[in-house]
Amino acid sequence: MSTVSRPRGAGTPSPRVDFGYATATLRARRLSVRIPVRLLLVSLVLFAVAVAAATAAITVGDYPLALGEVAAALGGGGEPFQRTIVVEWRLPVAVAVVVFGALLGIGGAVFQSLTRNPLGSPDVIGFDAGSYTAVVLTILVLGSSDYWSIASAALAGGLGTALAVYLLAYRRGVVGFRLIIVGIGVSAMLGSVNAYLITRAEIDDAMAVGFWGAGSVSRVSWNGLAPSLAIAAAVVLAAALLAPALRRLELGDDAAVTLGTRTGPVRLGLMVTGVATSALVTAAAGPIGFIALVAPQLARRLTRSPGVSLLSSAAMGAVLLAGAHVLSLAVAQVYRPVPVGLITVCLGGLYLIRLLVGETRGHYTGPR
């Protein structure tokens, strides 16, 4: 490993060159952040691909547009009708698929690290089902459908389900596999509650909730997206601040305590952050499954890192949701509109089957 060292007597430290890691040091706060170069480059490429896919999706629809027309509309030029289509209708959806995909990737990475299991994601453990149930109750029972009511219900339902699963799985501590099994059971129970509520609702309300439950970004507008972006920024910041502690927790509680980590508060903060990522997406677009499950593991394979990374998982999540959105638009051109959540469930189901088969045969070598 080659480095550039500070000569003796020099007053200013020379910048460190490390061909294995990109290192950023803030001397004022004694903070050093080391990111593997491959992980950083792969993440940047993935984010670029996600933005390109989301931009390409703006050109597709009942009123097709060329990339030049999209660029002109984004720059304030072009015809007024084209500017309305691009800026008011399609741009918020394009932004949503990148941001929401990144949030789902972060949530999946958090819970897979906490449970040390590739199946540990909010949709598998049942937290998404809790958010969905709370929103269904809010819409069908309370008759409220504004953004803040749905967002509050989604967050409360996700956190309540997380607490219930944690308490049910607790036996002198929480084992990741037990947490997943209990979560699957709770998710099944909540699914039956959701089905009962929908069958008892009026036909119009049942259809609206059913379509929302399929997970669709096509109805996202600036009115609902603007508060989502503000909350998403706070969630991403919290995840970034907790990321070093998450790495230490992966070493085990004893090692984390030795390194100065307060495991209880940190684990609670990580769980709230992870639930908030999926709850925020559920509130704005409905439950979108399997992105949180798939993104961290695919990102880990591309970056060849020993464990899941929040940065690369966010980038992969953005790519997967943007790609699913493009695929749903392509299907709509030849058949009929298909919610993006159905696309992710179909593709994610195939990945889950492969993952379970690999686990059964003992071929999986990822983090536990």
Side-chain angles (χ1 to χ4, degrees), residues 40-106 211 214-230 232-233 236 280-281 284-286 288 290-291 294-295 298-299 302-303 311-348:
L40 181 62
L41 293 178
V42 169
S43 300
L44 292 176
V45 170
L46 289 175
F47 273 122
V49 171
V51 172
T55 304
I58 298 178
T59 66
V60 182
D62 295 334
Y63 189 93
L65 296 168
L67 283 176
E69 295 172 329
V70 172
L74 292 176
E79 300 179 2
F81 183 59
Q82 291 180 347
R83 288 200 300 272
T84 299
I85 292 176
V86 172
V87 177
E88 298 297 330
W89 298 349
R90 297 182 184 177
L91 182 59
V93 177
V95 174
V97 295
V98 175
V99 174
F100 291 169
L103 286 174
L104 292 173
I106 291 173
F211 185 79
S216 175
V217 296
S218 61
R219 295 173 298 170
V220 174
S221 64
W222 288 119
N223 290 335
L225 183 61
S228 297
L229 293 178
V236 171
L280 183 60
V281 176
I288 299 177
F290 285 99
I291 297 291
V294 176
L298 292 183
L302 282 180
T303 58
L311 177 62
S312 60
S313 298
M316 180 59 72
V319 169
L320 292 177
L321 189 54
H325 176 55
V326 172
L327 183 57
S328 69
L329 292 176
V331 172
Q333 297 304 303
V334 297
Y335 182 55
R336 63 180 61 180
V338 178
V340 69
L342 298 183
I343 300 291
T344 61
V345 167
C346 291
L347 299 179

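Since we're looking at a predicted model, the values are computed, not measured.
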N/O donor-acceptor pair under 3.5 Å between Trp222 side chain and Val87 backbone: yes
Flag side-chain contact, heavy atom, 4.5 Å: Leu65 against Arg90: yes
CA sep, side-chain torsions, deciding dist, call: Val340, Leu321, side chain to side chain contact (heavy atoms under 4.5 Å, CB included): CA-CA 8 Å; Val340 69; Leu321 189 54; 3.9 Å; yes
Separation of Ile58 CD1 from Glu69 CD (nearest 0.5 Å): 13.0 Å
Rounded distance (nearest 0.5 Å) linking atom CD of Gln333 with atom CG of Asp62: 6.5 Å
Distance, nearest 0.5 Å, that separates CG of Leu327 from CG of Leu342: 11.5 Å
Test item: Val338 and Ile343 side chains (from C-beta on) under 4.5 Å apart, heavy atoms: yes
Pro339 versus Gly215, closest heavy-atom pair with distance: CB-O, 3.5 Å
Any donor-acceptor pair under 3.5 Å from Thr59 side chain to Thr55 backbone: no
Side-chain touch Val95/Leu229, heavy atoms, less than 4.5 angstrom: yes
Shortest non-hydrogen contact between Pro92 and Leu225, atoms and distance: O-CD2, 3.3 Å
Minimum heavy-atom distance Val217-Ala285, with the two atoms named: CG1-CB, 4.0 Å
Considering all heavy atoms, the nearest Ala232-Leu103 contact: CB-CD1, 3.9 Å
Val93 and Ser218: CA distance, side-chain angles, deciding distance, side chain to side chain contact (heavy atoms under 4.5 Å, CB included) verdict: CA-CA 6 Å; Val93 177; Ser218 61; 5.6 Å; no
Leu91 CG to Ile85 CD1 distance, which is reported to the nearest 0.5 Å: 13.0 Å
Heavy-atom pair of closest approach, residues Leu46 and Ser312: CD1-O, 4.3 Å
Non-hydrogen side-chain atoms of Leu311 and Phe47 separated by less than 4.5 Å: yes
Distance, nearest 0.5 Å, that separates CD1 of Ile288 from OG1 of Thr344: 6.5 Å
Nearest non-hydrogen partners of Ala284 and Val220, listed with the distance: O-CG2, 4.1 Å
Pairs satisfying ring pair (Phe, Tyr, Trp, His ring centres under 6.0 Å), at least one member in residues 70-100, at least two apart: Tyr63-Phe81
Point-to-point distance, once rounded to the nearest 0.5 Å, from CG of Leu320 to CG of Leu347: 9.0 Å
